[in-house]
Structure formats: C-alpha cells, structure tokens
Protein chains: 4
Amino acid sequence: MTAAGADARGKQARGLRTRARLIAATNQVVAEVGFANATTKAIAEAAGVAEGTIYRHFTDKHHLCLAAVLEANADLVDVVAQLPDRAGSAPVADVLGNALRTLASLRSQLLPIELSLLTQPALRASLTASAGDDTMEPVRAIADYIEREQALSRIRPTLDPGQTSLVLLSTLFGIAMLPGSDDRRHHERTVEEAIDVLVAGLVADR
Amino acid sequence: MTAAGADARGKQARGLRTRARLIAATNQVVAEVGFANATTKAIAEAAGVAEGTIYRHFTDKHHLCLAAVLEANADLVDVVAQLPDRAGSAPVADVLGNALRTLASLRSQLLPIELSLLTQPALRASLTASAGDDTMEPVRAIADYIEREQALSRIRPTLDPGQTSLVLLSTLFGIAMLPGSDDRRHHERTVEEAIDVLVAGLVADR
Amino acid sequence: MTAAGADARGKQARGLRTRARLIAATNQVVAEVGFANATTKAIAEAAGVAEGTIYRHFTDKHHLCLAAVLEANADLVDVVAQLPDRAGSAPVADVLGNALRTLASLRSQLLPIELSLLTQPALRASLTASAGDDTMEPVRAIADYIEREQALSRIRPTLDPGQTSLVLLSTLFGIAMLPGSDDRRHHERTVEEAIDVLVAGLVADR
Amino acid sequence: MTAAGADARGKQARGLRTRARLIAATNQVVAEVGFANATTKAIAEAAGVAEGTIYRHFTDKHHLCLAAVLEANADLVDVVAQLPDRAGSAPVADVLGNALRTLASLRSQLLPIELSLLTQPALRASLTASAGDDTMEPVRAIADYIEREQALSRIRPTLDPGQTSLVLLSTLFGIAMLPGSDDRRHHERTVEEAIDVLVAGLVADR
DNA sequence: GATGAATGAGTATTCATTCAT
DNA sequence: AATGAATGAATACTCATTCAT
C-alpha cells in the first residue's frame, strides 16, 4: 500500500469527491433559486447523486449549508490575507481599490449562501459557534490595513479602523444585493463608483 | 347606514380594517420570526382572523407580502420626498447626513420584509413589475439632491448622481444586515462612521 | 342559534366526526398490518381523509395512537367497573369467569394498539403520564373483587389481590398474543382452559 | 492450514465467527433499543463489521432476525427437554414450579426479539414456515409432562394437556410484558404468585 | 365577508439493500 | 470475505390554498 493509499483510508477518495460535489452543488443551487427553494432534492440532483447520499456526508441540510458557507468564505480570506502588508506600497486608491474590486466579485458568489444565514437565525448561530473567526477575518484584515495607512498618514486618523472596515464591506454587501446586480456592466460601474466615493472619503483631508 | 349605501362603497369598512390588520400582522410576524417561518397561519393568528380570510383580500401570500413591503416602504418615501428641495439650504454633511441617519433607522424596520424579496426571486420580480416606481423613489430623490448640489459645486461633479445614490443606500442596507445590528449603540456608531466617510467622499476636492 | 348549535361551536360537527373516524381507522389499521406498518398514509386512507387532516386533529402520530389506545381501553374499563359489587352474588367461577371471558374478547381488539406501547417506550411514557389511571383501572377492579371474595372466604386468603389480578390479566394478554389467535375456535377454547385453571387455582383449598 | 483446506470447508472459520457475532449483536441491539430502532447500521456496529457484511451471511434483515430468534429459543428448548422425564419424581409444585421459574427468566431475555414477530406479521409467517417445530418445542414438552402427571393422577384429568401448556406459557409471556417488568423484585413476586395460582389450578381436586 | 376543516403536493430525513473496490 | 459509499423508496410532517358552511 502506498502513502497515497494510506491517506485515502477512512475518508476514501470517492467519498471526498462526492462531498466536494455536494458543497459545490449547494452553492450553485442556492445561487440559482434562492435558499428557500434550495431543496435537498435539487442539491442532490445538481451534484448528480441520490438524495440519501447527502446524509452520508453531512448530518443534515444545516451542516451542508454551513460547509458551503465556509468553503465560499475561504476564497475571501485568501484575498485579504496579504492586504495589511501592502500598506504604503502604493496609493491607497490602488491597493485598497484593487482589494475591494476583488472582494466585490467574490462577494457576489458568496452572497446567496450568506443570505441564508440572515434568514435562518439558527444557521447563523452555529456558524459563529463552529467557525467563528474565519468569517470575521476580512473585517480584521482591512482594519489592519487602515491602521497601518493611518500610521503613514495616508488615511484620516480620526476614523476608527474597525468601524470603517465594516462600512467598506457593508457597502460591497449592499451593492451585491441590489436588484440589478445580475446586469454585470451596471453592477461593475456601481462598484467603481462606490470605491471612488469610499476611498475619497478615507483619504480626504479636511 | 343602509345596506345599499354600504354596498355602494365597494370596499366596506370592515373589509378595509381586516386588510390593514393583515398587512400590519405580516410585517410584525416577518420581523419576529423571519420570513421563512412567517406562515399564513401565524399571520392570520397575529391579525386575529381565520386563515381563509387572507384570500378574501389578497390573491395569495405573494401579494400579501407585496402589500406589506409597499406599506413599509411608504414611510421611507415620505422622508426623502423633500430632500431635493433642501439642496443648498445647509452644508451637505448636515442635510444629507440627517437624511441618511433617518433612512438608516427606517431601513431597520423595513429590512426583514425586504429581505424576503431577495430570498424569493419571484417576489422580487412582481414587486418591480407591479409597484415599480415607489421602491425606487428614495434612489431618485437622493440622486436629485446630489445633482442639485453638484450644480452648486458642493458635491464632486464627476460623480454620477444615480450611481452614487445607489451606493449611499447600499451602504445603509449593508450595515442594517450586519450580524451585530441588534446592538443599537454599536450599530449607530457604525452608521455615523459610514455617513462621515461617504459625505467626505462626496465633497472631497481632489 | 339552538343549544345544539352552541355545543358544536369551536369543535364543529364535521371536525368531530373526522376525529372519530381517524381514531377508528388507527385501531383498524394497526390491527390489520401491525403498528410498525401503520403509516399515516394508510391511516388517512382508511379514514377516507387526506394525510394532512390527521394533523388538524392530533399534534402528531404519537398523540393519534394515544387517543386510539384510550378509546379502545374505555370499553375495558366499563366492563370491569361493576365487577367488585358482584362479589358474593354468584360462584366465583361464574362471576369472574364471565368477566374474564368478556375481557378476553375485548383484549383482542385492544391488543394490537396496546402492543405499540411496548414496542415504543416513548408512547408508553406519555400514556402513563397523560392518562395514567385509566389503563390500570381493570387491574384495580379485579383486585377489589378478589379482596371482597377473600373476605367472604371464597378465594384463598394467602393470595395478594393486586398481584393475582395482574396474573389473571397477563394470562389473557399472553393468550391474545398466541400465534394462532386468529383461529377463533381454538382461541376461545384456550381462554376457557385458562379460566378453568385460574379460577380453580384461586379457590383451591389446600 | 493450506488455502485449499480452507476452501474445502465451504464455510470458513472467519465467516462463521462473523455470522455468530451478527446474531449475538442482533439480540443485543434489539434488547437495548427495541426492535423498531434496531437498524442494520446499529447491528453492524455492535458486531464490529460493515453494514454490507450482513448481506454476505443473511439474504436480508428478515433472515438475520429469524436466526436470532432461533438462537435465543435454543436455550428455552434445552431447559424443557428433560421436563417430561421428571414427571412423578417430585411434587408437581416443585418440578413444574422450578421449570416455570427458569422459563420465566429466559423468557425475559427472549422477549424483545420475540416481540418483533408479533409486530411484523411477515416475520412471524416465515418463522413458523422455516423453523416451525423448534419454537413449539416448549409447548410440547410441557404438554407431555402434564399428560404423564395426569397418568399418575397428580394433575386434573379433565384438562387438555396441549391447551393447558399454552396457558402456562402465555401467562409467563404476559407477565414478561407487564410495564413494571424491569423492577426485578416486583416481577419475581408476580411470577411466584402466578406459579402458585397456576399449579394450584392444575392439581385442584374438585 | 368570514370561518376553519380539508386538501395534497412538497420537505427533510431514514434505512434496508446494492455494488464497485 | 469484507468494506462502506451510494441508492431510492418510504416516512412523518408542513403549509399555502380551496371550499362548504
């Protein structure tokens, strides 16, 4: 038996692939038809497995959605991780602007499943319980970045880094929810406008 | 009052009161238990009527929610109606700041039922179809205000009024959705921070 | 509105009839296919109503079965109620024999649904909780009768009335469960044999 | 041991051990959680094998339970086997009393799995079909004993041995099912009372 | 207009059984 | 022989909607 074979023991290869497919299918279906209509039947179909298979991998729909949220969130975390270290490396408008641009596009993917958290208090509770820190990671990273730029006098010193970080992300979130957000062109222009206003608001010297 | 007189009205007094109670009950129930758990049974109970009565006044649950959204939205419309005429009457930070502050508090009330629109694509569609204009009224009013202030050179001329209006409202919406938005103190401080950044971004001269 | 009409208010006539039909259907279906196979679907069909109707009358299957057990038990209670007063009125073999004969036939009806209590600990618990006394009524009545006959020196004084009552009923229960209990003839002969042995055992003077 | 030698046996040692473990696990699990909750998953876990393994040894759950019942029944058969030969060797109260006492304790072990037969008509059918004789062995043995004691004039001659045997076993069965049968003390006293009444009923001369 | 009993399609979940490895 | 991932039919229960009163 090879090392690879040993790794596959317990969680066999096929099982892992199915699990991944289920998570992907959940994000896809929730995005397509909304959380309320994301039935286990629809998810199973999208994943190309039988309905019962869901329950070999997740104790219930609840936990499947949890896993889907965390999965979608992981990309977001990656993007913002290096942000603080970029402070001072280029104009705030460029560094923060690019980060927000990227986050905005990821947010769109994350949004549908994230919405379910707001609609379903129970889900929200167990997310903060089980994963806790990860979902707040973007907030922290951006706050860190703001703090460092403030130290370099490139962002207004009176702004509270934590609060301001929340404002930036809230705006992206709000925009992602706009009715016309499926019209890409228009959506991107709105994001640009938001970044313009927000960054200007951060660096304004008055 | 004769029977003939009552008939002539088309919508009798009792019927109107029941209708109003149903709308109020819907907003209340959705706010309390979330849209997913806002069953027709719960709404009927909260309104003090039988379940079947709902269908005397609304063709289905769908239209009941629609009416509830419009009702909740009406207050919002009132607040922003006079905003354009206030352009130039006081510093942007004051006029727009106050408007946004008020909108932020109203948004919180509106939020639960509004969320249902996002969760239920079908509802969203028929809202824009049937009511269309009213829900966009705040966007227009703020865009008007921005345009007038631009004419007075008190807001950056390069900003697109419509897009910028969307950005402002999106931020309020995003903040209303933040997990901790039930902690009033913290929530209000976040709103203040947002208004600070946004207004600064609007008026910044660079 | 008549008095009858007033009585029907709240629990309307149609509703009460449906409720009764559901209870009857439950006893019938359980008797036919066994508790494990007595699905809500089968019960609803037997009652001639839709499956969802069950839940207008009972919070869940659990409570429907509970009601069915109590209903079936009510007849048993009636039969034994007058037993104690018959002590001394005729030979033990006649009075007790007749009572046991009647109980045996009723037991057969009650048996299937009663079995569910043994199989489903949860059901058993809530039965003793909610109805408690009624199901023990037969045991008490027979114990009373035995005690009175002991006072008349017509039953062995060394026997414990409570324990002995349990033994008599256990035998009927055990017989009702015999594999061949659907062969009436044979079953009745077994009951006769049991009554013969048991009564002889009670009155034996040794 | 060569591979050829192992093959020649048809049923290999490992297979037999697994089979035995499955039967034991079935009796154990049914006793612990009741037949309704004795899933193949639970049984496989208790036996320390994979679920699929069950189907190497039994065509279905049905046949596994059948085997388990027969296994549990085997002990009962052993106990009663020598009973007929003890006729006349000691007072009926002693010989039969002891046998019934022993049977009562074994019955308690057998009961849970036996109950499943009553709950599942299909199982019951195939048991009488496939195993037939063995389960009736105790009835026959006791009937034999009664007949021999009748020949010795120590049991009432008018009693039908077969029917009476059924009555005796039914009583034990009924007592085993009493709600309080987990309270050992009380349960044993009830058994004693039953034996007292039954034996007295058998030997009574009237 | 109002009622509330009845409906039935739909939901998440379970579990005996199959099958590729 | 053994595994355990996958299956899919079946289950109890929900809920928007209809309809007789």
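Per chain, numbering begins at 1; letters A, B, ... match sequence-line order.
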Rounded to the nearest Å, what distance is computed from the CZ atom of residue R19(D) to the P atom of nucleotide dA2(F)? 12 Å

So, is T18(B) near the phosphate of dG1(E), with a side-chain N or O under 4.0 Å from OP1 or OP2? no

Calculate, to the nearest 0.5 Å, the distance between atoms CG and CD belonging to N37(A) and E32(A) respectively. 11.5 Å

Distance (rounded to the nearest 0.5 Å) between N27(D) CG and I23(D) CD1: 8.5 Å

Return the value, rounded to whole Å, for the distance between atom CG of L22(D) and atom C1' of dA1(F). 12 Å

Determine, for nucleotides 14-21 of chain E in 5'-to-3' order, which nucleotides have protein heavy atoms under 4.0 Å from the base (write B), from only the sugar-phosphate (write S), or from neither (write -). BSBBB---

To check you understand the geometry: which heavy-atom pair defines the closest contact between H57(D) and R19(D), and what is its length? O-NH1, 3.6 Å

Atom pair distance, as rounded to whole Å: CD in E45(A) and P in dT7(F): 12 Å

Can you find a pair of side-chain heavy atoms, one from I43(C) and one from T39(C), that are under 4.5 Å apart? no

Expressed as a whole number of angstroms, how long is the span from F58(A):CZ to dA12(E):P? 15 Å

So which one's nearest nucleotide on DNA chain F is more toward 5', G48(A) or V49(D)? V49(D)

Looking at residues at least two apart in the chain, or sitting in another chain, which of them share a side chain to side chain donor-acceptor pair (under 3.5 Å) with E45(C)? none

Side chains of residues 46-55 of chain D: which donor-acceptor partners sit under 3.5 Å, not counting sequence neighbours?
residue	atom	partner	partner atom	Å
E51(D)	OE2	T40(D)	OG1	3.0
T53(D)	OG1	A50(D)	O	3.4

Nearest-Å distance, CG (L64(C)) to C1' (dT11(F))? 15 Å

Which residues share a side chain to side chain contact (heavy atoms under 4.5 Å, CB included) with A31(A), sequence neighbours left out: P112(A)

Side chains of residues 60-69 of chain D: which donor-acceptor pairs under 3.5 Å do they make with residues two or more places apart or in other chains?
residue	atom	partner	partner atom	Å
D60(D)	OD1	H62(D)	N	3.4
D60(D)	OD1	H63(D)	N	3.0
D60(D)	OD1	H63(D)	ND1	2.8
K61(D)	NZ	A38(D)	O	3.0
H62(D)	NE2	S126(D)	OG	2.8
H63(D)	ND1	T59(D)	OG1	2.9

Grab the stems for DNA chain E, please: at least three consecutive Watson-Crick or wobble pairs, both distances below 3.5 Å, written as range with range. E:2-21 with F:2-21

